[in-house]
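Working notes, beginning with the structure itself.
Counting begins at 1 with the first residue of the sequence.
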Amino acid sequence: FFDYMDINHSLTELSAKGKKTPSSAMAEIVKMPVGDVANCSGHCPFVPMRLGTPIRHVLRIIATGSKHASAKKTPVSSDRDDSQCMAPRRVPILNECGEVIHVFSCIDFLDIALRFSQ
């Protein structure tokens, strides 16, 4: 998902090529589709899941980075070396059309837990 580190990454990539000033690079970045910039820095991995996914699978992904029940801190696969990967902090929940209807995070887990504490 979109993080300030993604903007910094894109800005340095465009400026490093020497063809753009930081100002012109930023002007280009703000015109880009968010999907081209989101998580390009690798600092905020995410794993989309379907609406019918059991909540335990969503929580397992956030806690361990793995969809497997026996996983213990298994890194999430991404473009980077597995040793550099981390469990996602956010899990987009997709409907049958592939549209994001909610982004599940640790805050959602706390909300659910507090409902059962009363």
For the [atom1] atom of [X] and the [atom2] atom of [Y], what is their distance to the nearest 0.5 Å?
X    : Y    : atom1 : atom2 : answer
I112 : D108 : CD1   : CG    : 6.5 Å
L59  : F109 : CG    : CZ    : 6.0 Å
S105 : F46  : OG    : CZ    : 15.0 Å
M26  : S10  : CE    : OG    : 9.0 Å
C40  : E13  : SG    : CD    : 8.0 Å

Exercise. Side-chain contact test, heavy atoms from C-beta onward, threshold under 4.5 Å: evaluate it for L94 versus V100 and give yes or no.
Key: yes
Quiz prompt | Pairs satisfying salt bridge (charged side-chain N to carboxylate O under 4.0 Å, His left out), at least one member in residues 22-47, at least two apart | solution = K20-E28
Quiz prompt | Contacts of type side chain to side chain contact (heavy atoms under 4.5 Å, CB included), residue E96, not counting sequence neighbours | solution =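 Scan of E96 (side chain to side chain contact (heavy atoms under 4.5 Å, CB included), adjacent residues dropped) gives none.
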Practice problem: List the atom of I29, the atom of L14, and the distance in Å for their closest heavy-atom pair. | Solution: CG1-CD1, 3.7 Å
Quiz item: What pair of heavy atoms forms the shortest contact from I61 to P88, and how long is it?
Solution: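 The pair with the smallest heavy-atom distance is CG2-CG, 3.3 Å.
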Side-chain polar contacts of residues 47-56 - donor-acceptor pairs under 3.5 angstrom, sequence neighbours left out - could you list them?
residue: R50; atom: NH1; partner: N95; partner atom: O; Å: 2.7
residue: T53; atom: OG1; partner: R50; partner atom: N; Å: 3.3
residue: T53; atom: OG1; partner: R50; partner atom: O; Å: 2.8

Exercise. Please assess I62 against V91 for the test side chain to side chain contact (heavy atoms under 4.5 Å, CB included), listing each intermediate value before the final yes or no.
Key: CA-CA 8 Å; I62 291 173; V91 177; 3.8 Å; yes
Quiz prompt | Working for side-chain hydrogen bond (donor to acceptor under 3.5 Å, both in side chains), residues S15 and T12 | solution = CA-CA 5 Å; S15 298; T12 56; over 6 Å; no
